[in-house]
Participant: 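Before anything else, here's the structure in question.
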Amino acid sequence: MYSSKTMSKILLICFTLFVSYGEGAKILGVFMYPSISHQLVFQPIWKELSLRGHQVTIITPNPLKDPSLTNLTEIDVSFTYNKPAVKNPMRYVKKEQRSLTKVRAIFDVFMELFEEEMQSAGVQELLNKKDEKFDLFIVQISHYGNVFLPFANKYNTPVVGISSLGAFLHTHDVLGNPTHPVISPDILLGLSENMSFLERLNTFLYNISYRIYYYWVLLPEADKFSRKYFGDDIPYLGELDKNLSLVMLSANPLIHPPRPNVPNIININQLNVKEKKPLPKDIQEFLDSSPEGVIYFSLGSNVRSSSLSQELRKEIIGALAELPYKVIWKWEEDHLPNQPKNVMVRKWLPQQDILGHPNVKVFFMQGGLQSIEETINNEVPLVGMPFFTDQPANLRKIEELGMGLMIDHVSLTKDKLKAALLEVAQNKKYKENVIKGKAIINDQPMKGVEKAVWWIEYVLRHNGAKHLRSAAADMSFYNYFMVDVVLFLLACVILTVYIVMKIAKTFMKKPRKLKKN
Ligand SMILES: *[C@@H]1O[C@H](CO)[C@@H](O)[C@H](O)[C@H]1NC(C)=O
Ligand SMILES: *[C@@H]1O[C@H](CO)[C@@H](O)[C@H](O)[C@H]1NC(C)=O
Ligand SMILES: *[C@@H]1O[C@H](CO)[C@@H](O)[C@H](O)[C@H]1NC(C)=O
Ligand SMILES: *[C@@H]1O[C@H](CO)[C@@H](O)[C@H](O)[C@H]1NC(C)=O
């Protein structure tokens with residue numbers, strides 16, 4: 001009936017239909033935390049997914065707003081940037097606070113953001129769409145992002161969690177990932193691999209106290225928040241957690257200590273590393289005209305240098321003014337009081353392109369992972385002044401690797417800072433170590449967006465990844481720690497000792513009796 005030509009045409013059409021159905025999934029993503037340095041890690045993922053033909057809907061405070069991305073719908077929750085807790089996180093997470101106090105502060109911020117975002121018009125519209133369907137849910141899993149998991153339940157989809165940092169202990173628990181307190185201490189503790197006795201005691205106790213606090217206090221609270229927006233008939237949040245197919249954690253092969261991971265924990269890195277773009281003219285000229293060298297100074301996006309204390313700022317300005325170099329400083333206000341002559345300030349700076357300029361000698365930074373990856377990629381050594389979360393741990397590692405120096409902002413003085421900047425700028429060993437490190441980081445079979453997107457599509461292809469799930473994830477406490485086995489063996493030992501003693505007693509008694517006779 002049909003000529004072979006039409007047949008093959010029909011086959012071709014069938015094939016393309018099949019392929020586009022097979023490839024183009026509907027994906028919902030929530031990247032909830034208003035912090036550009038974190039969102040910069042996620043943006044390339046949702047962009048790439050949409051370019052690969054998936055229909056992507058993303059709730060984010062940093063929409064790309066790129067009209068050429070026709071398969072992408074972004075629900076803008078950028079109003080969350082105006083929250084006081086987001087604007088000045090240092091007020092909430094103080095260095096000297098006890099770990100669980102910090103946990104509480106972070107949790108409260110996340111719940112507040114959750115509520116505000118759920119109430120926003122865009123999210124409400126999505127929730128009220130009657131026959132909306134999705135094939136996959138992606139969620140920013142760091143900290144307490146799991147409060148959004150009922151979305152996956154609502155749309156009956158598998159879940160992929162992504163973090164621009166590592167993960168808190170409870171996220172490792174969800175997948176049954178080992179969390180040895182000394183080998184893999186929690187990121188919040190900021191401990192190095194070489195711990196003192198007190199540090200080991202601390203991480204051991206935190207291992208236990210965090211879990212008691214999380215499972216008995218925070219998780220039930222988060223569950224209540226979830227119910228408020230998703231209705232009372234959703235399963236307990238702790239149950240929904242178990243539906244995580246994969247968790248992608250930002251783990252740099254150089255900066256993060258190696259840790260044993262179950263196969264559904266995927267390490268991602270360098271998502272933020274971008275192709276070079278030309279610099280704005282004024283910055284290009286400033287850098288070109290500074291053959292003596294330039295220090296690039298930025299505390300990232302979470303620590304605004306304009307919110308540093310007066311005294312600290314005075315010391316920093318004093319040090320920068322005395323340097324034999326020029327300085328580019330990301331300063332978020334119009335005017336910098338007492339601005340030294342060698343310092344240029346801008347509210348926003350194209351960080352990677354600046355670091356790529358050959359005259360940049362040192363990056364003076366706060367120790368954020370993404371900034372560290374960007375500076376290593378551009379072969380610039382660094383001086384770090386950590387404030388919170390993973391920053392102290394990252395910088396301790398940088399010091400160990402000889403890629404830069406760490407200074408403490410509490411005891412910082414003009415002279416200390418000046419000495420550190422001069423040392424890193426002038427001693428060649430720092431740059432050499434950065435170049436060695438770059439070679440290691442880049443030597444991976446798959447990295448960056450390519451790897452992240454491959455694993456997301458892997459979950460899509462198999463509608464979840466149950467086969468990667470470790471049995472440890474669903475085991476009871478006594479089963480995992482073999483409490484019953486240990487108790488049984490202990491009972492055997494006690495019984496044996498008891499019997500042996502009994503026998504010995506009877507044997508010892510006999511000769512005595514004999515003697516008497
Ligand atoms: C949108 O998705 C379709 C397939 O669903 C794909 O062919 C097209 O290239 C995508 N467009 C863009 C701009 O990503
Ligand atoms: C877990 O996900 C599967 C689909 O992957 C779904 O069928 C199931 O209902 C989900 N379970 C919960 C508790 O949401
Ligand atoms: C830990 O300390 C030991 C001895 O002090 C040292 O040999 C080792 O290199 C240190 N390890 C790290 C990762 O710093
Ligand atoms: C810390 O807790 C986790 C999970 O309960 C466990 O796997 C680990 O062995 C614990 N470590 C110690 C020393 O308590």
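FYI, side chains are in, hydrogens and waters are out, and symmetry mates aren't considered; it's all heavy atoms of this structure. Each ligand, and each atom within it, is numbered from 1 in the order the structure gives. Note that the structure is predicted; figures quoted are calculated from it, not measured.
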Participant: Counting only nitrogen or oxygen atoms and a 3.5 angstrom limit, does Leu69 reach ligand 1?
Facilitator: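 By distance alone, the answer is no.
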Participant: Between CG of Leu237 and CD of Glu221, what distance do you get to the nearest 0.5 Å?
Facilitator: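 These two atoms lie 12.0 Å from each other.
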Participant: Evaluate Ser50 for polar contact with ligand 1, using N/O atom pairs at a separation under 3.5 Å.
Facilitator: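 Yes - when backbone and side-chain N and O of Ser50 are compared with those of ligand 1, one distance drops under 3.5 Å.
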Participant: Below 30° counts as parallel, above 60° as perpendicular, anything between as tilted: where do the rings of Phe107 and Tyr144 land?
Facilitator: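 Perpendicular: the ring planes of Phe107 and Tyr144 meet at over 60°.
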Participant: Show the atoms of ligand 1 that are less than 4.0 angstrom away from any heavy atom in Thr70.
Facilitator: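 What qualifies from ligand 1 is 11 (N), 12 (C), 13 (C).
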Participant: Looking at Ser68, which atoms of ligand 1 are within less than 4.0 Å of one of its heavy atoms?
Facilitator: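 Counting from 1, the qualifying ligand atoms are 13 (C).
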Participant: Select one of side chain, backbone, both or neither to describe which atoms of Asn71 lie under 4.0 Å from any atom of ligand 1, heavy atoms only.
Facilitator: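 It is the side chain that touches ligand 1; the backbone stays farther off.
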Participant: Using heavy-atom distances only, which candidate in Ala25, Gly53, Gly24, Pro67 approaches atom 5 (O) of ligand 1 most closely?
Facilitator: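 That would be Gly53.
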Participant: Examine Arg52 relative to Trp454 and say whether NZ or CZ is less than 6.0 Å from the centre of the six-membered ring and inside a 45° cone about the ring axis.
Facilitator: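 Arg52 over Trp454 ring: no.
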Participant: Check Glu332 with Lys330, please: is the shortest side-chain N to carboxylate O separation under 4.0 Å?
Facilitator: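 The answer is yes: the pair qualifies as a salt bridge.
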Participant: Looking only at side-chain N and O atoms, does Glu74 offer a donor or acceptor that is under 3.5 Å from a partner on Thr60?
Facilitator: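 No donor-acceptor contact under 3.5 Å links the two side chains.
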